[in-house]
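Contents: one structure, followed by commentary.
Just so it is clear: chains get the letters A, B, ... in the order the sequence lines come, proteins before strands, and each one is counted from 1.
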Protein chains: 4
Amino acid sequence: MTRVTQAHIDARTQDILGAAKRLFARKGVDGTTMQEIAADAGLSAGAVYRYYESKDDLLRAVFEDCSEQHRALFEEKAAVSPSPMEALTDIGRSAWSQLKGDGFRDEVILELETALAAARHPDELGPAHRETLDHVVEMLGRLIRDAQAAGQIEAGVDGQALALTLLACYLGSGILALDGQDTDVLVESLLHMVNKLAPVAGRNGGR
Amino acid sequence: MTRVTQAHIDARTQDILGAAKRLFARKGVDGTTMQEIAADAGLSAGAVYRYYESKDDLLRAVFEDCSEQHRALFEEKAAVSPSPMEALTDIGRSAWSQLKGDGFRDEVILELETALAAARHPDELGPAHRETLDHVVEMLGRLIRDAQAAGQIEAGVDGQALALTLLACYLGSGILALDGQDTDVLVESLLHMVNKLAPVAGRNGGR
Amino acid sequence: MTRVTQAHIDARTQDILGAAKRLFARKGVDGTTMQEIAADAGLSAGAVYRYYESKDDLLRAVFEDCSEQHRALFEEKAAVSPSPMEALTDIGRSAWSQLKGDGFRDEVILELETALAAARHPDELGPAHRETLDHVVEMLGRLIRDAQAAGQIEAGVDGQALALTLLACYLGSGILALDGQDTDVLVESLLHMVNKLAPVAGRNGGR
Amino acid sequence: MTRVTQAHIDARTQDILGAAKRLFARKGVDGTTMQEIAADAGLSAGAVYRYYESKDDLLRAVFEDCSEQHRALFEEKAAVSPSPMEALTDIGRSAWSQLKGDGFRDEVILELETALAAARHPDELGPAHRETLDHVVEMLGRLIRDAQAAGQIEAGVDGQALALTLLACYLGSGILALDGQDTDVLVESLLHMVNKLAPVAGRNGGR
DNA sequence: TATGAATGAGCGTTCATTCAT
DNA sequence: AATGAATGAACGCTCATTCAT
């Protein structure tokens, strides 16, 4: 009998989540009050608790959303490219270009917060965080193995290790980007190195 | 001729700083009370304020100390090696091996906290953080240029970009290490790639 | 000719009152939310306010209902018995037997709550509470005087005082029953004493 | 090295306990804020938490103190009297006379609150409350048995039941006293009945 | 210099009550 | 008449900081 639709509830939930992400990123989790989140979401203090049980619960939702975003970022590009190496290149360029986007600064900060929280609460948040990272590594690893099968990367290369390296580079780039460093040149440098991993014969190509 | 020597004061100051680093890393800055820091340092709550004006002041000192450590980590190894490439390799191996050390977990966490704090307070903490990173990049860049001069790395490589890449990789490895990922294979993979940057003639050897 | 009949309204009012009594008794007045009462009565949060102006208003109704119950408890039995002494005995046994009934636990608790509320708000709730007690005392007093007139209790006994004593004993038994004490032996002990109040001649019978 | 003695700490603890008892009794537990308790005890809001972990903890202490008081009330008089019957009489008169004392009103209210709390939280508070009551019953039972041995009360009387009856009467008198009823005549009425329990021969004297 | 009791502002959270639908 | 989302004041509690000793 209520006029309030599920869509409305979902919208509010997203409003709050968005406000929380924005504020947690900019002022820190402890530096953000529930009042502020509510106000930012256009609600009164108490109303937030209809949608999230507690600040902790909200924080968990933010972390989850964050992981989802990161997972999606790498997922999308994986399928479309014609060759594995091109896919790798595309993913790299697109991932790094996001780093410069205005809205992405908050995502990076939240990824760091997530990592910290996971490190401090290994039992509650650790598994989820690790799973997210594992997922990305796995996807990259698969791409690398494909590239090896296609003769675009030396067979001797440890695909898992390389995947980890690329991920580490991406995460670290986030930190550097936060600091205002120019990370555009960084991805080119990285891609250059990856290209050098092509088998010599293959690189020399059609001679 | 006070009874209290400067040495005593310095020792106390270090006690407090150490306690703060340990606790900030493990429980978070806001999750740590001044009481706890004092207790951990063997002092009463009020005594801390003789050494640090405020919690913020103490936090600043922790960040500074942290930066100092990172700077030193890369500095040491730079001088001793016979060839630039070997120096690079040494630095990489030693930096990454530290990541596995038990006590280093705290350092990594604090580095992330520092990065976050710098991102949130660009005016107060940003410059110091950026300077620390710049310092490392500069040092690595110098080494790379030396390696290029010595014919160990292609002349065409952008030294600055490569330095950034290596640093990003190191920072990201910290996050992965926090998560329990094996970062030993990572550094080998990275060094392998760097080695591939040697000029073709050089790599092809005596032909 | 509204669709909503008075019967419907009354039923709702009773639903709410019942829910409030149950919950107030079990969780305390402050420990019970209007939401809970509404839910227990099968209504939404806001609907309660159509029947009771406020929580305080509802509480007042609960107290009143409670007093009514107590009054009725003693009233019923008073009329039917053939002799005053038997009436007294009947009332005692029936009152005490109720104490053991499962549903009566809540009534006892609410009686205590009423007493407390009356003590704390002598002006608003005091008179009503006192009147209820007075009513019972008066009824018992009348019975006792009847018993004296019938030679079943010494003429010298202060009827008012004895009535108070019996009431006190009943109220106290509620507290003991709440604690799980066996109050069955209690009433027998009390009745035994009351019987001893018979005039010596009467007790000795025809001598 | 502190100037603050244990005596000072104890005094504060008592201040707070006293304030809590007073306020809990007069305004109810939920109607009393920690602020008020602190203010009444001459402290700031936060200071209370040095002495009591939480409001619940403080409430527990109030209940305990209350039980202690009740226990002591019956204990004292038990020893001094020459004959068991006289002891019983003394205890009765002294217990009831306290009921009229100004400061005792609060104690009675708190006893009711304790009973309610025990009824609602049987696992946490129930045992302690029951123990207190048992203690009093036991003491009265012993006195009654002594009186029986001394020929002052019929051997046929169930001592335990009589003890319970006396206690119930006392507890109920508290409620009546709260209501402003005159409980002085009540105790006399009760003692009169107890005296009637003397063996007939004894009461009739040597004949 | 060191202590630790005290302060008090501020936070997360609850819930009686309102009101648009 | 009924709903239930929203309000917002108020509470219990924490903790950085101060200061008498």
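Partner of D/Lys21 under the salt bridge (charged side-chain N to carboxylate O under 4.0 Å, His left out) criterion, chosen from D/Glu107, D/Glu64, D/Glu68, D/Glu113: D/Glu107.
A straight line from CG of B/Leu58 to P of F/dC15 spans 16 Å, rounded to a whole angstrom. Here E/dT3 presents its C1' atom at 14 Å from NE2 of D/His8, a figure rounded to the nearest Å. Atom CD of B/Glu36 and atom P of E/dG4 are 17 Å apart (whole Å). One interatomic measurement links the two molecules: CG of D/Asp10 to C1' of E/dA5, which rounds to 15 Å at whole-angstrom precision. Atom pair B/Ile37:CD1 and E/dA2:P shows a separation of 17 Å (rounding to whole Å applied). For the pair B/Met34 CE and E/dA6 C1', the interatomic distance rounds to 17 Å; values are reported in whole Å. As rounded to whole Å, 10 Å separates atom P of F/dG4 from atom CD of C/Gln35.
Within residues 40-56 of chain D, the residues that place at least one heavy atom under 4.0 Å from DNA chain F are, in residue-number order, D/Gly46, D/Tyr49, D/Ser54, D/Lys55. Taking a 4.0 Å limit (strictly below) on heavy-atom distances, residues 13-28 of chain A does not reach DNA chain E anywhere.
Considering only side-chain N and O atoms, D/Arg12 lies under 4.0 angstrom from the phosphate OP1 or OP2 of E/dA6.
Look at A/Asp106 and A/Arg22 and you find no salt bridge, because none of the NZ, NE, NH1 or NH2 atoms lies under 4.0 Å from a carboxylate O.
Looking at every heavy atom in both residues, B/Leu110 comes nearest to B/Cys66 through CB-SG, 3.4 Å. The heavy-atom pair separating D/Phe63 from D/Ala117 by the smallest distance is CE1-CB, 3.4 Å.
Using modelled atom types, one finds a donor on one side chain and an acceptor on the other under 3.5 Å when comparing C/Asp10 with C/Gln6.
Inter-residue side-chain proximity for D/Tyr52 and D/Leu59 is flagged as unmet; no heavy-atom pair is nearer than 4.5 Å. The closest side-chain heavy-atom distance from D/Arg50 to D/Ile9 is not below 4.5 Å. Contact annotation: the side chain of C/Glu111 never approaches that of C/Val108 to less than 4.5 Å [non-hydrogen atoms, C-beta and beyond].
Crowding of B/Glu53 atom CD: a count of heavy atoms from other residues, nucleotides or ligands under 6.0 Å not exceeding 12.
When Watson-Crick and G-U wobble pairs are counted only if both distances are under 3.5 Å, E/dA6 pairs with F/dT17.
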